[in-house]
Amino acid sequence: MLKNDLLLRAARGEKVERTPVWLMRQAGRILPEYREVRAKMGGFKELVENPEFACEVTIQPVDHLGVDAAIIFSDILVIPEAMGLPYQMVEKRGPWFEKTIKCAADIDRMVVAEADGVRYTIDAIAMTKKELDGRVPLIGFAGAPWTIFSYMIEGSGSKTFSNAKKFLYTEPVLAHKLLEKITLSTINYLKGQIEAGADIIQIFDSWAGILSPEQYKEFALPYIARICDAIDEVPITVFAKGAYFVRKELGELNCQTIGLDWNMDVAESRAMIGNSKTLQGNIDPCVLYSDDETIVTKTKEMLTAFGPNRHIANLGHGVYPDIDPRKVKLFVDTVKEFRF
Ligand code: CP3
């Protein structure tokens, strides 16, 4: 039994006493307590692959920030690795893949991953669930197939992901073949997370906004729909950053919550998405660099714009690494103290 199930009730459109709040990328990135554990472990991957430590840093934001949910400490790139494409996390530079996908034979070599291929995260979920002891729900997650695909082709982060987009234009049949394998792997992985105790799932389509609407409807949306259709055990949140051009279609997905980034107008999004979904978001993470008064004002403006029902408070994207944890706590506390 959950002692605080605000997030789940808000996701399902049930009545809540107040708006629940958590932050994308709250585990790691900002807390000094995270940096200490990370320094002890040597690196990011070591942390992700060690369930005890992953559990510890997952719970840190619940203890230190008072958020209404924990999100399991892992990364979206564990899926390419489980499919046969290992990644490295290069200090200060981000993810890097030694091998990338270039041709049909490369795609044939990729396996459809089972949840067991990401055993360490599944174990971390089970451990965290036990350790949380019902204090708040635990969020499981995965990257959306398009975003995972873009890393597998590109091999690292990129401003344009033009190699990945080029692949869609020049090798559409192969692209679908790889997206299919990623989708099946993701479904297996998410089902494993739910079995291990994840209370709600978020799908991150971080690079949604770089596709054209036509490409998004052909190469991204149908695969997210497949994942949503395959999972009915727990609520699902779809966060497609920059995908303002398919908000109506996102509203038709078989999921409970749609994440909004800070460029998406709240009233306009509500009108496009309709009343049958919860909305999550969406202040600009950079607001948290402002003075206290501005943070409080902007947070209250956001809450008022969304209204009392079907809203989960969050930023419009992940919290940035150099934001002062005290400012993050001010954002969280402002949401928790606000009443309509
Ligand atoms: O939300 C959480 O705090 C839970 C853990 C989590 C991480 N990555 C840990 C992490 C989650 C949900 C992710 C998702 C993720 N990873 C996304 C989608 C969300 C988004 O921000 O759009 C993406 C695109 C990635 C890929 C990735 N992982 C990049 C580009 C980087 C480098 C830059 C950075 O710090 O985000 C990572 C590394 C990473 N993943 C870190 C953490 C805590 C930083 C590693 C470190 O400690 O140095």
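Order of appearance sets the numbers: ligands from 1, and atoms from 1 within every ligand. Everything numeric here is computed off the predicted structure, so don't read it as measured data.
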Trainee: What do you reckon, does I72 put a non-hydrogen atom under 4.0 Å from ligand 1?
Mentor: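 Yes, I72 has heavy atoms under 4.0 Å from ligand 1.
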
Trainee: Taking the side chain as every heavy atom from C-beta outward, state whether L279 and T257 have any atom pair closer than 4.5 Å.
Mentor: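 No, side chains not in contact.
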
Trainee: Please state which protein non-hydrogen atom is closest to atom 31 (C) of ligand 1 and give its distance, to 0.1 Å?
Mentor: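 It is P95 CD, 3.8 Å.
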
Trainee: Evaluate salt bridge (Lys or Arg N to Asp or Glu O under 4.0 Å) for R18 paired with E337, printing each intermediate quantity in order.
Mentor: CA-CA 8 Å; R18 63 166 176 83; E337 283 157 23; over 6 Å; no

Trainee: Salt bridge check, D106 against K99: does any charged N sit closer than 4.0 Å to a carboxylate O?
Mentor: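 Salt bridge: no.
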
Trainee: Could you identify the single nearest non-hydrogen protein atom to atom 2 (C) of ligand 1 and state the distance to 0.1 Å?
Mentor: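 Residue, atom and distance for the closest contact: R25 CA, 3.3 Å.
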
Trainee: Give the atom numbers and elements of ligand 1 that come within less than 4.0 Å of a heavy atom of R38.
Mentor: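 Numbered from 1, ligand 1 contributes 46 (C), 47 (O), 48 (O).
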
Trainee: Out of all atoms in ligand 1, which are within 4.0 Å of some heavy atom of Y151? Include the element for each.
Mentor: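 Listed by number with element: 24 (C), 26 (C), 30 (C).
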
Trainee: Determine whether the side chain, the backbone, both or neither of S74 has a heavy atom under 4.0 Å from any heavy atom of ligand 1.
Mentor: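 For S74, only backbone atoms sit under 4.0 Å from ligand 1.
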
Trainee: For Y151, which of F204, F161, W146 qualifies under ring pair (Phe, Tyr, Trp, His ring centres under 6.0 Å)?
Mentor: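 When F204, F161, W146 are each tested with Y151, the ring pair (Phe, Tyr, Trp, His ring centres under 6.0 Å) holds only for F161.
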
Trainee: Could you list which atoms of ligand 1 come closer than 4.0 Å to a heavy atom of F204?
Mentor: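 Counting atoms of ligand 1 from 1, those under 4.0 Å from F204 are 12 (C), 18 (C), 19 (C).
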
Trainee: Using a strict 4.0 Å cut-off to heavy atoms of Q26, name the atoms of ligand 1 that fall inside it.
Mentor: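 Answer for ligand 1: 1 (O), 2 (C), 3 (O).
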
Trainee: Which of the listed options, K92, M89, R29, holds the heavy atom that is closest to atom 33 (C) of ligand 1?
Mentor: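 Nearest heavy atom to atom 33 (C) of ligand 1 lies in R29.
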
Trainee: Would you say T147 and ligand 1 have an N/O pair spaced under 3.5 Å apart?
Mentor: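 No.
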
